[in-house]
Amino acid sequence: MVSCISLLGSTGSIGRQTLEVAKSLGIRVAALTANRSVDLMEQQCREFLPELAVMGDEAAAQELSRRLAGLSVRVTVGMDGLMEAATLPCADTVVTAVMGMVGLRPTLAAIEAKKRIALANKETLVCAGELVMRRAKECGAQIIPVDSEHSAIFQCLAGAEHKQVKRLILTASGGPFYGMSREELEQVTCRQALKHPNWAMGAKITIDSASMMNKGLELIEAMRLYDLPMEQVDIVVHRQSIIHSLVEFCDGAMLAQLGTADMRIPIQLALTWPDRMDCIAPKLDLLTCGDLTFAAPDEKNFPCLTLARQAVLAGGTACAVLNGANEVAVSLFLQEKIGFYGISDLVSAALDAVDSAVEPTLEAVLAADRAARRVVNERFGG
């Protein structure tokens with residue numbers, strides 16, 4: 001079990017639950033980072049007394065510093081602060097729970113520092129997975145996924161050889177709009193999209209779940225994490241969110257990981273692996289969980305999943321374009337400036353407009369991300 005963590009993104013849903021787990025296990029918290037949530041960050045700093053607190057902008061950092069006067073918590077700001085938090089010598093593990101591309105550079109820094117990475121920032125692997133996994137292997141840094149689906153696969157693969165794996169099967173809840181027609185989906189609102197049937201998550205990932213983009217991003221993430229081609233990663237809709245994903249082996253056997261829809265379970269596993277300890281999350285009762293059902297995803301009415309497959313086939317930095325465009329489009333949808341299908345339309349436009357660099361270096365990935373965001377903003381403005 002780890003003894004000390006740096007938590008990047010402490011005020012979001014995953015960050016808050018990570019602190020619950022850390023408290024229950026007696027794990028020290030050396031660094032906390034947030035964007036602008038000064039009130040919650042102040043509460044967290046007073047409770048956990050980290051060595052370092054990082055805010056997203058100068059005004060928030062100054063206000064937090066003023067409120068924490070008298071405490072031995074050093075407050076800093078921006079990407080430099082995130083990079084320092086990711087490489088603190090006293091932390092043996094970095095939990096990357098920040099949202100979006102901002103997590104890429106700190107994750108690479110933590111890898112260079114040979115930390116264990118409890119990875120909850122899927123954009124890091126979607127945009128630069130080949131680069132990240134190669135550097136992790138070269139540096140000897142361990143990456144343990146926190147996403148419930150990839151944690152499930154991680155567990156099912158324990159002790160298995162790569163050549164024994166026939167396919168990975170990611171489960172999808174289907175989100176709040178499962179079974180709706182295109183005509184119905186054209187009328188859905190942001191408020192409806194934020195009502196996920198099973199999980200309590202942040203706004204961005206909840207919208208991604210509603211559009212099925214989340215499963216497209218997870219497909220790409222699975223390819224990078226487990227070094228498999230897209231043809232060996234399948235997706236099934238499993239409305240109950242009891243089976244979190246499966247692995248099929250070459251002999252036809254399947255292993256599945258089951259549990260309640262509570263992110264504290266995969267978070268804790270990432271902090272204790274290879275050990276397992278009692279968890280504060282509720283336990284699954286097979287006698288009351290109901291029937292388990294499976295269906296094929298509807299890629300006709302939920303085109304974001306198809307767009308993710310197209311980005312994979314394009315290769316290079318196309319996945320960074322997909323992700324960057326989606327981040328901006330989701331933000332516009334959350335602001336009620338575009339409709340539900342505006343998300344997939346804008347992402348598709350960015351994939352068509354931005355040329356993909358063949359070699360996904362860090363500089364090329366960041367450039368592709370900027371270009372995708374620019375296209376979406378220009379299209380919306382036009």
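Just so you know, these numbers come straight off a predicted model, no measurement behind them.
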Check against side-chain contact (heavy atoms from CB on, under 4.5 Å), Val38 and Met55 = CA-CA 8 Å; Val38 176; Met55 298 302 294; 4.0 Å; yes
Ignoring hydrogens and geometry, is there a side-chain-to-backbone donor-acceptor pair from Lys122 to Ala120 under 3.5 Å?
-> no
Nearest non-hydrogen partners of Pro145 and Ser151, listed with the distance = O-CB, 3.8 Å
Hey, quick one: are Ile14 and Leu25 part of the same hydrophobic cluster, counting side-chain heavy atoms closer than 4.5 Å, chains of contacts allowed?
-> yes
Any sub-3.5 Å donor-acceptor pair from Arg264's side-chain atoms to Pro282's backbone N or O?
-> no
Side chains of Leu217 and Asp208: does their closest heavy-atom pair fall under 4.5 Å?
-> yes
Does Thr107 use its side chain to pair, donor to acceptor, with the backbone of Gly103 at less than 3.5 Å?
-> yes
Is the backbone N or O of Ser344 less than 3.5 Å from a side-chain atom of Ser348, with the two atoms forming a donor-acceptor pair by type?
-> no
Is there a chain of hydrophobic side chains (I, L, V, M, F, W, Y, each step under 4.5 Å between heavy atoms) that links Ile235 to Phe294?
-> no
With the 4.5 Å side-chain cut-off for hydrophobic clustering, are Ile243 and Leu168 part of the same group?
-> no
Derivation and outcome, side chain to side chain donor-acceptor pair (under 3.5 Å), residues Gln17 and Ser13 = CA-CA 6 Å; Gln17 292 178 86; Ser13 176; 3.2 Å; yes
Same cluster or not: are Ile267 and Ile280 linked, directly or through other Ile, Leu, Val, Met, Phe, Trp or Tyr residues, by side-chain heavy atoms under 4.5 angstrom apart?
-> no
Hey, mind stepping through Glu336 and Arg191 against salt bridge (Lys or Arg N to Asp or Glu O under 4.0 Å) and telling me if it holds?
-> CA-CA 9 Å; Glu336 300 182 333; Arg191 185 174 181 179; over 6 Å; no
Got a donor-acceptor contact below 3.5 angstrom from the Ser6 side chain to the Ala85 backbone?
-> yes
Evaluation steps, side-chain contact (heavy atoms from CB on, under 4.5 Å), between Asp369 and Thr317 = CA-CA 9 Å; Asp369 175 73; Thr317 56; over 6 Å; no
Is Thr33 close to Val98 at the side-chain level, that is, under 4.5 Å between some pair of heavy atoms?
-> yes
Would you confirm whether Arg116, through its side chain, and Ala270, through its main-chain N or O, come within 3.5 Å as a donor-acceptor pair?
-> yes
Taking a hydrophobic cluster as the set of Ile, Leu, Val, Met, Phe, Trp and Tyr residues connected by side-chain heavy atoms closer than 4.5 Å, whether directly or through intermediates, do Tyr178 and Phe302 fall within one such cluster?
-> no
Side-chain heavy-atom pair Leu131, Thr361 within 4.5 angstrom cut-off | no
Heavy atoms only: give me the nearest Glu327-Met101 pair and the separation to one decimal.
-> OE2-N, 3.4 Å
Are Asp298 and Lys300 within salt-bridge range, i.e. N to O under 4.0 Å?
-> no
Spacing of Leu255 atom CG and Leu157 atom CG [to the nearest 0.5 Å] = 8.5 Å
Does atom CG of Asp355 have more than 12 heavy-atom neighbours from other groups under 6.0 Å away?
-> no
Leu104 side chain near Val132 side chain, heavy-atom distance below 4.5 Å | yes
So, the side chain of Gln232 versus the backbone of Lys166: is there a donor-acceptor pair under 3.5 Å, distance only?
-> yes
Any luck finding a side-chain donor-acceptor pair between Ser331 and Gln335 under 3.5 Å?
-> yes
Take Met213 and Leu305, measure what side-chain contact (heavy atoms from CB on, under 4.5 Å) needs, and give me the verdict at the end.
-> CA-CA 5 Å; Met213 178 61 86; Leu305 183 52; over 6 Å; no
Could you tell me which non-hydrogen atom of His150 sits nearest to which non-hydrogen atom of Tyr226, and how far apart they are?
-> O-OH, 2.8 Å
Short side-chain donor-acceptor distance under 3.5 Å, Gln155 and Arg276 | yes
Mind running side chain to side chain donor-acceptor pair (under 3.5 Å) on Gln240 and Thr293 for me, showing each step along the way?
-> CA-CA 7 Å; Gln240 298 79 20; Thr293 61; 3.0 Å; yes
Would you please indicate yes or no on a ring centroid separation below 6.0 angstrom for Phe340 and Phe177?
-> yes
Tightest non-hydrogen contact, residues Arg373 and Val328, listed as CG-CG2, 3.5 Å
For residues Leu82 and Arg105, determine if any side-chain heavy atom of one lies less than 4.5 Å from a side-chain heavy atom of the other.
-> no
Assess whether atom CG of Asp275 is packed by more than 12 heavy atoms of other residues, nucleotides or ligands within 6.0 Å.
-> yes
Side chains of Asn326 and Asn323: is there a donor and an acceptor less than 3.5 Å apart?
-> no
Calculate, to the nearest 0.5 Å, the distance between atoms CD and CZ belonging to Glu51 and Arg74 respectively.
-> 6.5 Å
Is there a donor-acceptor pair closer than 3.5 Å between any side-chain N or O of Gln192 and the backbone N or O of Thr189?
-> yes
Would you name the heavy atoms of Ile153 and Ser245 that are closest together and state the gap between them?
-> CG1-CB, 3.8 Å
Lys/Arg N to Asp/Glu carboxylate O, Lys283 vs Asp278, below 4.0 Å | yes
Got a second to check how far Lys204's NZ is from Asn214's CG, nearest 0.5 Å?
-> 7.5 Å
Heavy-atom closest pair (Pro360 atom, Val365 atom, distance to 0.1 Å) is O-CG2, 3.9 Å
Roughly how far, to the nearest 0.5 Å, is CD of Gln268 from CH2 of Trp273?
-> 13.0 Å
Scan side-chain atoms only and decide if Glu20 and Ser24 contain a donor-acceptor pair under the 3.5 Å cut-off.
-> no
Ser181 side-chain N/O to Glu184 backbone N/O, donor-acceptor pair under 3.5 Å | yes
Taking atom types as modelled, find out whether Asn121 and Thr124 have a side-chain donor-acceptor pair closer than 3.5 angstrom.
-> yes
Is it true that a side-chain atom of Arg16 and a backbone atom of Thr11 form a donor plus acceptor pair closer than 3.5 Å?
-> yes
Taking only Lys NZ, Arg NE, NH1 and NH2, and the carboxylate oxygens of Asp or Glu, determine whether Asp92 and Lys115 approach each other closer than 4.0 Å.
-> no
Run the side-chain contact (heavy atoms from CB on, under 4.5 Å) check on Val354 and Arg374 step by step: do they pass?
-> CA-CA 10 Å; Val354 180; Arg374 184 168 59 250; over 6 Å; no
Thr260 side chain near Ile265 side chain, heavy-atom distance below 4.5 Å = yes
Do His196 and Ser173 have a side chain donor and acceptor closer than 3.5 Å?
-> yes
Note, Arg28 side chain near Phe48 side chain (heavy atom, < 4.5 Å) | no
Does the side chain of Leu292 reach to within under 4.5 Å of the side chain of His238, using non-hydrogen atoms?
-> yes
